[in-house]
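First the structure, in the form of structure tokens, and then the observations on it.
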Amino acid sequence: MDKTARTRQLVGEDVFLKMQNLRVAVFGLGAVGSFAIEALARCGVGYLRLIDFDTFNPTNLNRQIFALHSTLDLPKTVAAEQRVNDINPDCQLDIRNVFIDRNTINDLLQPDVDVVIDAIDCVASKLELIKTAKAQQIPLASSMGAGGRTQSDLIRMGDLFDVYNCPLAKVIRKRLRQSGIRSGVPCVYSVEKPRNTRAYDPKDADILPDAIRPRIPIGTISYLPGIFGLKLAQLALEIGVGNSIHLDN
């Protein structure tokens with residue numbers, strides 16, 4: 001049996017063809033984004049645009065699937081490209097080792113894609129991506145905060161404006177309302193109250209790349225961000241190919 005046989009058996013030939021033709025852009029290749037990419041590559045998605053500017057360091061080893069001792073100090077885009085090519089060499093890759101901000105976002109969304117995955121943990125960059133995708137009417141699946149949590153059964157999918165117990169979502173929601181956006185941001189989130197948090201300062205949303213203030217890290221467990229990423233892949237597939245692949249909600 002070939003590498004796609006089990007997927008085609010589950011979803012059928014017509015849906016699988018839609019998945020092969022799907023064009024997905026993943027913004028942020030860390031803990032959440034790496035697992036989303038892994039799932040999409042193994043599903044046979046035919047085009048992935050992978051965007052990040054960061055490199056791996058030892059603190060990434062506890063939760064990021066591309067983070068290995070052999071990839072430390074490598075750009076995350078390089079490790080992601082190598083892994084996807086090893087899983088699904090038929091996938092067309094568009095690699096962008098670029099910081100995501102108001103100056104780069106329009107170019108990063110070109111040429112057109114069918115779905116955008118937001119796995120960014122920087123408030124300013126996350127806001128720029130969501131606002132621009134909404135303005136350009138590009139379907140988007142966004143991740144809220146996965147840090148500080150341990151309970152996988154409390155992970156949900158829904159609209160950002162219905163999320164609770166998430167400091168990140170609270171800040172993003174406030175800034176989006178100021179831009180006139182009040183609904184229609186599908187996301188993965190947790191209703192678990194985070195155990196340890198950092199204060200998401202709304203002023204961070206106005207900081208440019210050359211003036212990013214240091215951020216206090218949030219504790220994480222290995223499996224929780226990965227589940228966020230896998231749920232994001234599910235959400236992106238459901239958005240991209242329609243109700244024919246509705247697996248759960």
Side-chain angles (χ1 to χ4, degrees), residues 3-30 32-52 65 77 80-81 83-85 87-96 100 105-120 126 128-144 155-160 181 183-189 225-249:
K3 65 186 178 183
T4 67
R6 296 296 181 92
T7 306
R8 290 187 287 108
Q9 180 184 2
L10 177 66
V11 302
E13 297 293 342
D14 290 344
V15 172
F16 182 71
L17 180 60
K18 292 179 182 179
M19 290 164 58
Q20 283 187 307
N21 291 328
L22 200 62
R23 296 170 58 86
V24 182
V26 183
F27 287 75
L29 311 185
V32 174
S34 61
F35 277 86
I37 292 163
E38 180 87 2
L40 294 173
R42 292 185 184 276
C43 279
V45 168
Y47 173 99
L48 290 172
R49 185 176 305 159
L50 308 180
I51 304 120
D52 205 309
I65 201 167
T77 49
E81 181 177 22
R83 188 168 180 94
V84 173
N85 279 329
I87 294 169
N88 181 12
D90 297 323
C91 181
Q92 180 184 351
L93 292 177
D94 182 352
I95 304 299
R96 312 280 184 99
I100 303 152
I105 188 62
N106 284 306
D107 287 341
L108 292 173
L109 289 171
Q110 295 298 322
D112 291 345
V113 292
D114 300 306
V115 186
V116 165
I117 287 181
D118 160 33
I120 304 170
K126 198 175 197 73
E128 288 302 323
L129 175 58
I130 294 173
K131 289 191 295 184
T132 306
K134 291 287 287 182
Q136 296 183 13
Q137 298 183 324
I138 304 171
L140 173 135
S142 183
S143 174
M144 293 299 109
I155 297 173
R156 304 284 187 269
M157 294 194 299
D159 195 301
L160 167 63
I181 299 170
S183 65
V185 182
C187 71
V188 177
Y189 64 98
I227 297 171
F228 264 66
L230 296 175
K231 294 289 281 184
L232 266 185
Q234 174 191 339
L235 184 54
L237 287 171
E238 291 181 354
I239 291 170
V241 305
N243 293 332
S244 51
I245 196 174
H246 186 78
L247 304 178
D248 185 30
N249 198 356

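- Residues I100 and D52 fail the side-chain proximity criterion, which asks for heavy atoms closer than 4.5 Å.
- The heavy-atom pair separating A233 from A36 by the smallest distance is CB-O, 3.8 Å.
- Contact detail for F228 and S143: the closest heavy-atom pair is CD2-OG, 3.5 Å.
- In this structure L17 satisfies the side-chain contact (heavy atoms from CB on, under 4.5 Å) test together with Q20, N21, sequence neighbours excluded.
- Remark: Q137 CD is loosely packed, at most 12 non-hydrogen atoms of other residues, nucleotides or ligands lying under 6.0 Å away.
- With S142 as reference, V185 is the one residue of L232, L235, V185 to meet the side chain to side chain contact (heavy atoms under 4.5 Å, CB included) rule.
- With values rounded to the nearest 0.5 angstrom, I95 atom CD1 is found 9.0 Å from I51 atom CD1.
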_Show, in sequence, the C-alpha distance, side-chain angles and deciding distance for Y47 and V24, and conclude whether the side-chain contact (heavy atoms from CB on, under 4.5 Å) test is met._
CA-CA 6 Å; Y47 173 99; V24 182; over 6 Å; no
*Kindly indicate, with the supporting measurements, whether the criterion salt bridge (charged side-chain N to carboxylate O under 4.0 Å, His left out) is fulfilled by D112 and R49.*
CA-CA 10 Å; D112 291 345; R49 185 176 305 159; over 6 Å; no
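- Using a 4.5 Å cut-off on side-chain heavy atoms (C-beta onward), L29 and S34 make no contact.
- No donor-acceptor pair under 3.5 Å is formed between the side chain of K231 and the backbone N or O of V188.
- Side-chain contact between F27 and L108 is present, with heavy atoms from C-beta onward closer than 4.5 Å.
- Counting heavy atoms from C-beta on, the side chains of V11 and M19 come closer than 4.5 Å.
- E81 contributes atom CD, which lies 7.5 Å from atom OG1 of T77 (distance to the nearest 0.5 angstrom).
- Look at R8 and D14 and you find no salt bridge, because none of the NZ, NE, NH1 or NH2 atoms lies under 4.0 Å from a carboxylate O.
- Considering CD of E38 and SG of C43, their distance stands at 10.5 Å, rounded to 0.5 Å.
- A pairwise comparison of heavy atoms in L22 and L237 identifies CD2-CD2, 3.9 Å as the closest pair.
- Not counting sequence neighbours, R156 has no partner by the side chain to side chain donor-acceptor pair (under 3.5 Å) test.
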*Would you sort out whether F16 and T4 count as a side-chain contact (heavy atoms from CB on, under 4.5 Å), showing the intermediate values?*
CA-CA 9 Å; F16 182 71; T4 67; 3.5 Å; yes
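- Side chain to side chain, Q136 and N106 meet the donor-acceptor criterion of an N or O pair below 3.5 Å.
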*Let me see the working for F35 and L40 under side-chain contact (heavy atoms from CB on, under 4.5 Å), right down to the final yes or no.*
CA-CA 9 Å; F35 277 86; L40 294 173; over 6 Å; no
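- Within the 4.5 Å cutoff, no side-chain heavy atoms of R83 are placed close to those of I37.
- In this structure, D114 CG and I138 CD1 are separated by 10.0 Å, a value rounded to the nearest 0.5 Å.
- The distance from the CD atom of E13 to the OG1 atom of T7 is 10.5 Å, given to the nearest 0.5 Å.
- Under a 4.0 Å N-O distance rule, the pair D118/K126 qualifies as a salt bridge.
- The shortest distance between side-chain heavy atoms of L109 and V116 falls below 4.5 Å.
- When every heavy atom of G184 is checked against every heavy atom of D159, the shortest pair comes out as N-OD2, 2.7 Å.
- To the nearest 0.5 angstrom, L93 atom CG is 5.0 Å from N85 atom CG.
- Pairing each heavy atom of V115 with each of G240, the nearest pair is CG2-CA, 3.6 Å.
- When all heavy atoms of A141 and I239 are compared, the closest pair comes out as CB-CD1, 4.2 Å.
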